[in-house]
Amino acid sequence: MTEEQLNSIRMKISLGLKSRREELGMTVADLAEKTGMNVNNINRIEAGRYWISLKQYIILRDALGMEDL
């Protein structure tokens with residue numbers, strides 16, 4: 001898999017999480033409080049500037065009521 005393909009996947013995950021959060025009417029601060037994660041980290045994840053760990057993905061996905069992206 002190329003770096004470009006990996007970056008595309010990262011952006012798909014990032015945009016999916018952000019879209020779902022917005023769909024639920026949650027702010028980044030709301031999501032941070034619900035997950036115990038840092039607001040800055042969530043912003044970086046949603047912007048696609050950060051490689052999310054599997055643990056972070058599962059925590060965010062569950063907090064947003066998502067089964068999969």
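Side chains are part of it too, since the values below use all heavy atoms of this structure and drop only hydrogens, waters and symmetry mates. Throughout, numbering of the chain's residues begins at 1 and tracks the sequence.
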request  = Please say whether more than 12 non-hydrogen atoms of neighbouring residues, nucleotides or ligands are located less than 6.0 Å from CD in Gln5.
outcome  =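 Result for CD/Gln5: enclosed.
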task = Check whether more than 12 heavy atoms from other residues, nucleotides or ligands sit under 6.0 Å from atom CD of Glu33, and answer yes or no.
result =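 Not more than 12 within 6.0 Å, no.
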task = Report whether Met11 and Leu60 are members of the same hydrophobic cluster (ILVMFWY, side-chain heavy atoms less than 4.5 Å apart, transitive linking).
result =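 Each belongs to a different hydrophobic cluster.
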Within one Ile-Leu-Val-Met-Phe-Trp-Tyr cluster: Leu24 and Tyr57, side-chain cutoff 4.5 Å =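 Shared cluster, yes.
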query = salt bridge (charged side-chain N to carboxylate O under 4.0 Å, His left out) with Glu23: which residues, sequence neighbours excluded?
reply =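 So Glu23 forms a salt bridge (charged side-chain N to carboxylate O under 4.0 Å, His left out) with Arg20.
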Do [X] and [Y] touch side chain to side chain, with heavy atoms closer than 4.5 Å?
X     : Y     : result
Ile59 : Lys55 : yes
Ile52 : Leu17 : yes
Ile9  : Met1  : yes

query = How close do Val39 and Ala29 get, heavy atom to heavy atom, and via which atoms?
reply =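 Distance-wise, the nearest heavy atoms are CG2-CA, 4.1 Å.
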Rounded distance (nearest 0.5 Å) linking atom [atom1] of [X] with atom [atom2] of [Y]:
X     : Y     : atom1 : atom2 : result
Arg61 : Thr35 : CZ    : OG1   : 14.0 Å
Ile42 : Ser14 : CD1   : OG    : 12.0 Å
Met66 : Arg21 : CE    : CZ    : 12.0 Å
Asn7  : Lys12 : CG    : NZ    : 15.0 Å
Glu22 : Leu31 : CD    : CG    : 11.5 Å
Trp51 : Leu6  : CH2   : CG    : 4.5 Å

request  = Decide side-chain contact (heavy atoms from CB on, under 4.5 Å) for Lys18 and Ile45; before the verdict, give the C-alpha distance in whole Å, the side-chain angles of both, and the deciding distance to 0.1 Å.
outcome  = CA-CA 9 Å; Lys18 182 177 182 178; Ile45 290 166; over 6 Å; no
task = Carefully, step by step, assess Tyr50 and Gln56 under the rule side-chain contact (heavy atoms from CB on, under 4.5 Å).
result = CA-CA 11 Å; Tyr50 179 76; Gln56 290 169 320; 3.4 Å; yes
